[in-house]
Amino acid sequence: MSRRLDTLTELLGPAVIVILVGALATTASASNEVYFLNALVFVAIVVAIYVFVGISGVLSFGQISFVAVGAFAAGVMTVPVDSKKGVLTSVFPLLRDHSVGNVPSLLLAAGLGGVFAFVVGLPLMRLSGLAAGIATFAVLEITHNVLREWTKIGPGATTLALVPETTGALQATLGALVAIVVAFLYQRSRRGRLLRASREDPAVARSVGVNIHLERLLAFTLSGALAGFAGALYVHLLGSITTEQVYLELTFLTLAMLVVGGLTSLWGAVIGALGVSGLDSFLSRAEQSHVHVVLTFTLWQGTRLVFLAAIMALVLILRPSGLTGGRELRLRWSLRRGRG
Amino acid sequence: MPEAAALELDGIEVRYGSVSAVRDLTLSVGKGEIVGLIGPNGAGKSTTLHAIMGLLPAHRGEIRLHGQSLRRRSAEAIARAGIALVPEGRRIFGDFTVEENLRLGLAARRQAYIGDALGPAFELFPILAEFRRRQAGALSGGQQQQLAIGRALVARPDILLLDEPSLGLAPLAVDGIFQAFTEIREVGTTILLVEQRAQRTVALANRTHVLVGGELQMTLGPADAEDTDKIIAAYLAS
Amino acid sequence: MSTIASVDLQTLGDAFGQGAIYALMAVGIGLVFGVLRLVNFAYGQLIMAGAYTLAYTSGWPVAASIVSCFAVVVTLSLAMDRLVFRPLRGSSPAVMLVTTFAVSFFLQALALIIDLRDGTLGQIASSVAPLNQAVSVGGVDVRKVTFVAVGVAVGALVALALVLARTTIGLHTRAAASDFRTARLLGVRANRVIAFAVVVSGLLAGAVAVLLTVQNPFVQPDFALEDTIIVLVGVVVGGIDRLWTATLGGFAIGFVSVLVNAALPTDKTVFLPSVVYALVIVVLLLRPAGLFAWGRRAAVERV
Amino acid sequence: MKRTTRWGGLAVLLGAVVAVAAIAGATGGHAATDAKKPIVIGWAFDAKGQMAPFDDPALAAAKIRVKQINAKGGVTKRKLVIKTCDTQNNNPTTAKACAISLLGQGANIIFTTCDVDFATPVVQAAINRGVLAVAPCIGTDQMGPKRFAAKGKLAFSFGNVAQDEGSAMAQYAWSRGWKTAGLGTNTLLVYFKNVVQAFDKRFRQLGGKIVDRESYATGANNVNSAVTRLNSHKAAVYVTSTSFGELPAFVSGLRSLGNKTPIINSWAGDGTYWVTNNPKVTNYYFVTYASVFGDDPSAPVRSMIAALKAAGSPPSTGGFLGGADAIDGIVIAIKRAHGSTKGSALAAQLVKFKRVPVLGGRISFSAKLHTVFGRDYRVIEINNNKAKLKGLVRAKVIPKL
């Protein structure tokens with residue numbers, strides 16, 4: 001009974017909070033709505049990273065490559081054809097002469113992200129530890145370099161503009177929910193549990209016949225698909241994208257969100273993404289003008305990042321296991337602790 | 001006892017999470033004594049040594065060195081207070097030379113030394129002096145054990161804790177090690193010896209405590225060494 | 001014909017200079033990793049702080065300017081250890097790494113505020129610029145900084161090697177890097193060893209700040225950030241578990257980047273990162289424990 | 001104890017929600033329709049980030065210009081008002097929120113930051129709503145239909161277009177009798193690349209010879225290699241377009257190798273804030289909007305610089321002029337559109353600009369080029385770290401790239 005309730009809250013907790021943020025977005029002013037939608041898109045990105053990094057325990061700096069591929073694929077394929085002829089002059093005719101709608105672009109991004117992750121993961125998932133971290137980072141660098149310099153597949157170093165801004169409150173909320181539900185189903189599935197077991201003890205997992213390489217590859221691919229999907233949500237939110245926007249800074253920021261929230265739980269991924277985005281938006285607004293929350297806050301111009309970084313560092317120093325302690329949301333607490 | 005014992009454990013309890021590995025353990029080691037601690041695997045022998053070294057906190061009870069509580073002291077501080085542990089598996093630095101390994105032992109030495117600082121090790125185990133420039137990892141198992149004991153001795157500790165020093169050694173090497181214990185005692189160093197070789201330990205030690213399931217089961221004297229039944233009974237008493 | 005040969009020698013000089021500077025950074029990063037098992041992403045910001053110090057003191061006598069650079073970097077390095085690394089000891093590697101991201105961003109954001117006070121972004125540090133001048137070696141112009149960088153790197157590495165091999169603190173540091181728990185059991189003082197590593201790594205960062213400003217005198221908040229990332233990659237590729245393999249890794253990635261850049265046709269140099277990182281992936285797949293970690297198995301499951 | 005840790009997550013979450021919710025309570029204004037109401041210029045810019053050194057002086061000059069115009073009664077009897085919003089180092093989310101917020105406050109025209117990539121979220125927010133988007137100093141042809149297709153009709157920049165600048169540089173080099181050139185392209189920005197490409201094309205048209213083409217990129221750590229290779233190709237002039245750390249690295253790198261060949265740079269190389277004391281910067285040229293070194297030939301420009309100094313924001317490069325020129329240009333367009341501030345009406349006027357006089361001189365736009373061309377560039381030479389006006393040059397041809 002209590003276990004079933006736990007299963008329920010594990011999914012409902014993140015879902016409810018995301019719907020709440022989505023609902024708040026619709027009540028906010030047009031300029032503030034952007035911040036809420038941005039937070040929801042970040043939920044999707046961080047959950048995508050969680051599906052691999054959180055569940056497998058292997059650190060990857062490469063997941064933003066899949067966000068980038070998703071964003072550019074969805075972006076390039078949704079710019080109207082008549083605009084493309086003028087602005088994307090050097091791309092392959094196939095890309096220049098066809099466009100797809102919003103939903104197909106999201107699916108396309110997810111598919112491409114997944115395929116790319118699978119291809120990359122095939123050799124790389126043999127690695128673990130720091131070697132895996134650096135190899136995935138190399139993937140990020142190469143992806144960025146190619147997207148930036150190869151003008152046959154996109155705008156190259158210039159901004160991809162004119163992307164339809166279809167990520168409104170509804171799409172952002174649904175998108176975040178999709179990521180959460182997929183992550184939940186995966187971590188509850190047999191394969192997800194096997195991979196998690198291999199994180200706790202690779203030797204034991206191997207000895208009972210778990211093919212760690214295969215399980216990691218699966219999670220990597222799923223994570224890549226979700227990341228591509230999240231990238232599509234992102235480009236449809238901003239209406240434009242540059243290669244710099246889906247590169248180092250986003251990689252560090254989203255990883256920080258995951259760790260601040262709690263690396264090892266879906267709840268942690270969601271809380272980290274919302275918490276840090278919320279704090280960032282709050283500081284951003286406080287720098288623009290006064291913000292009233294019980295007290296009135298005003299920030300000196302230019303200090304937002306100083307405070308954001310300091311607060312993140314402080315959270316990690318005081319609570320190294322993250323805001324949620326890396327545990328899923330549980331409403332009924334028994335006296336026994338989760339870990340034996 | 002008029003004088004405080006060199007080392008006293010007073011009703012200590014050590015826990016791993018919610019499981020207690022050692023319960024209500026009280027024992028004392030007098031100056032210059034060898035005290036043995038034997039018992040089946042998982043009885044809490046190593047745990048006891050780790051608690052003494054401050055590697056694990058004592059959940060309850062008190063550990064005293066010369067009457068002074070060791071509560072809240074770090075491992076490095078306890079080492080410098082005069083307790084040396086020869087850890088299970090020896091834990092020598094295989095990439096380092098024999099001499100470097102011994103010099104590491106000096107980290108815990110309290111007073112300045114005259115002459116060869118590594119003397120205590122070389123006197124006891126001349127082979128170490130001969131191999132001082134060799135890589136420690138290249139030594140045989142018995143020699144590595146001698147190195148680990150020598151490394152502990154150069155700190156000139158008041159109390160030497162040994163965690164299964166004979167484990168995995170050839171019989172001849174075991175004889176050498178046990179011989180060394182007697183010599184170490186003769187210099188006045190107190191020894192708490194955790195061992196699996198029950199009979200030899202009982203024969204050597206002033207007293208030998210049998211630990212079963214984390215609790216003190218029985219205490220044997222050297223006279224009991226020949227009484228195999230008694231020792232077996234103590235082991236099975238869980 | 002003669003032009004090509006001279007370009008090659010110059011390129012080789014540049015490659016050695018770059019490799020030497022990266023080797024110094026690799027030691028700084030590797031030393032702290034050795035005792036703390038912490039990958040310090042914020043290492044570049046130590047160098048950045050040193051470079052800003054050089055810029056803001058460029059009116060001073062060169063010696064005073066360099067001394068203050070070292071003072072600032074070492075102080076910041078110790079402060080980082082005290083305020084961030086020490087509370088994090090024993091945390092998971094991922095948490096430690098991500099915290100150093102935050103520290104890195106914090107320091108960059110702070111530098112941006114300080115720098116922008118005069119309405120321009122970037123400060124010039126040119127007190128040591130004469131080192132960038134060239135000397136003619138066999139008809140080829142080679143920058144003095146190349147020799148200085150190689151000289152400083154070799155000197156610093158030899159000195160460090162001697163300290164590590166011959167002194168007590170060196171012995172204790174090596175022991176701590178190899179097995180911290182046992183070292184502490186033997187009475188090795190953790191704080192002293194860590195302080196040693198942190199100070200030495202700070203001194204190296206100070207030296208790198210001086211050398212990097214010679215080549216690139218314009219100091220901005222992201223100064224040395226790119227270099228740090230590349231060196232971190234190089235360190236892991238070389239083998240982070242040991243100081244020497246880590247150092248070689250740092251040297252190799254600096255050296256190879258310059259050579260690959262020179263080998264690429266001009267219109268393809270934009271793909272330099274792809275080539276270098278593809279090499280990184282290949283090496284990691286073939287030798288996951290590190291390119292120079294002979295006879296070691298890939299059992300490093302740390303992050 | 002355990003209880004608090006377990007509920008800690010929820011508490012933090014609740015806090016976050018409250019914080020986010022607090023942001024929701026903002027204002028939304030209504031567009032001014034009354035002819036007597038002021039003309040609102042929404043200025044989304046980077047106040048304290050990387051682009052601040054470009055954006056801040058442009059805004060400061062624009063503010064002074066607006067004050068001067070308002071003192072004379074404004075435009076078609078309407079006053080000009082500048083409302084600003086800080087895009088905080090051009091964070092794309094903040095930039096978009098800024099643009100929407102300024103439009104919500106009734107902005108008739110939206111100004112944006114001096115880099116087209118950073119500007120895009122703001123530009124799109126404006127042009128999607130039919131509002132004119134203006135950049136004071138973007139230097140590529142991207143601020144217009146080339147980037148934003150049909151909607152790009154509403155996007156303009158008062159910066160000088162790279163093609164024009166590179167062409168002017170080539171003309172100047174040729175006029176000095178420099179017949180061979182070595183090119184160093186910083187591939188980071190389209191602007192950097194276009195300047196050098198335009199130089200390349202125009203210089204060869206004039207009969208010059210390119211002896212070497214090297215490239216490097218900010219952040220790729222390869223400027224030294226490019227310098228080394230350029231040094232081994234003797235040329236009468238080295239050409240680059242760069243700023244940031246690569247500028248001093250490029251110049252002092254060549255000089256340190258004992259190479260004394262003239263170097264010419266675009267507006268990107270304006271200012272002396274970057275010069276190194278050792279080796280000193282010598283024989284270095286650049287073209288720019290205005291000389292900030294006290295010797296600009298135009299009296300109005302000199303007095304604008306004086307006004308900026310008095311306002312406490314002395315300009316470090318000529319780029320400030322884009323801010324003032326943009327205000328002048330907008331005012332002329334509004335007058336010619338009979339007081340309309342509709343994006344399409346203003347754009348229709350702007351594309352007809354042919355050598356229209358503004359504060360900094362005469363400027364032109366065309367249906368294709370929404371970025372200024374035809375300016376009289378100030379050629380400045382730095383010798384021994386001292387900058388001095390050397391002459392003026394205007395491009396005769398705008399090469400097609």
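Just so it is clear: chains get the letters A, B, ... in the order the sequence lines come, proteins before strands, and each one is counted from 1. Nothing here was measured: the structure is a model prediction, and the numbers come from that model.
For the atom pair CG of C:Leu225 and CG of A:Leu248, the computed distance is 7.5 Å after rounding to the nearest 0.5 Å. Note: C:Leu112 CG to A:Leu305 CG = 8.5 Å, rounded to the nearest 0.5 Å. The NE2 atom of A:His144 lies 10.0 Å from the OG atom of C:Ser274; values are rounded to the nearest 0.5 Å. Remark: A:Arg148 CZ to C:Phe271 CZ distance equals 10.5 Å, nearest 0.5 Å. Here the OH-CZ distance, from C:Tyr277 to A:Phe137, works out to 4.5 Å after rounding to the nearest 0.5 Å. The line from CG of C:Leu272 to CD of A:Glu149 is 10.5 Å long, rounded to the nearest 0.5 Å.
Contacts of A:Thr303 with chain C are made by both backbone and side-chain atoms, with heavy-atom separations under 4.5 Å. In this structure, chain A has a heavy atom under 4.5 Å from the side chain of C:Val280, while its backbone stays farther away. Neither the backbone nor the side chain of A:Val260 comes within contact range of chain C; no heavy atom of the residue lies under 4.5 Å from a heavy atom of that chain. Both the backbone and the side chain of C:Phe105 have a heavy atom closer than 4.5 Å to some heavy atom of chain A. Both the backbone and the side chain of A:Ile317 come within less than 4.5 Å of a heavy atom of chain C. For C:Val275, no part lies under 4.5 angstrom from a heavy atom of chain A.
Pairing each heavy atom of A:Ala309 with each of C:Ala102, the nearest pair is CB-O, 3.4 Å. Annotation for C:Ala278 and A:Ile142: closest pair N-CD1, 3.6 Å, computed over non-hydrogen atoms. Residues C:Ile113 and A:Gly302 share a closest heavy-atom pair of CD1-O, 3.3 Å. Nearest approach of C:Ala109 to A:Val306, heavy atoms of both residues: CB-CG2, 3.5 Å. Considering every non-hydrogen atom in both A:Ala256 and C:Val98, the closest pair reads CA-CG1, 3.5 Å. Heavy atoms only, all atoms of each residue included: A:Pro123 and C:Leu285 are closest at O-CD2, 3.4 Å.
Your options are C:Val233, C:Leu116, C:Val283, C:Leu107, and the one with the most heavy-atom pairs under 4.5 Å with chain A is C:Val233. Heavy-atom pairs under 4.5 Å with chain C were tallied for A:Ser321, A:Gly322, A:Ala313; the largest tally goes to A:Ala313.
Residue A:Arg126 qualifies as open at atom CZ: its count of foreign heavy atoms under 6.0 Å is 12 or below.
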Please step through side chain to side chain contact (heavy atoms under 4.5 Å, CB included) for the pair A:Leu59 and C:Leu97, ending with a clear verdict.
CA-CA 10 Å; A:Leu59 197 58; C:Leu97 179 61; 3.7 Å; yes
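Applying the salt bridge (Lys or Arg N to Asp or Glu O under 4.0 Å) definition to pairs two or more places apart or across chains, those involving residues 253-282 of chain A are A:Asp280-A:Arg304.
Under the side-chain contact (heavy atoms from CB on, under 4.5 Å) test applied with C:Leu284, the options A:Leu124, A:Leu130, A:Ile134 reduce to a single match, A:Ile134.
Applying the ring-ring contact (aromatic ring centres under 6.0 Å, His included) criterion to A:Phe72, with sequence neighbours excluded, gives no partner residue.
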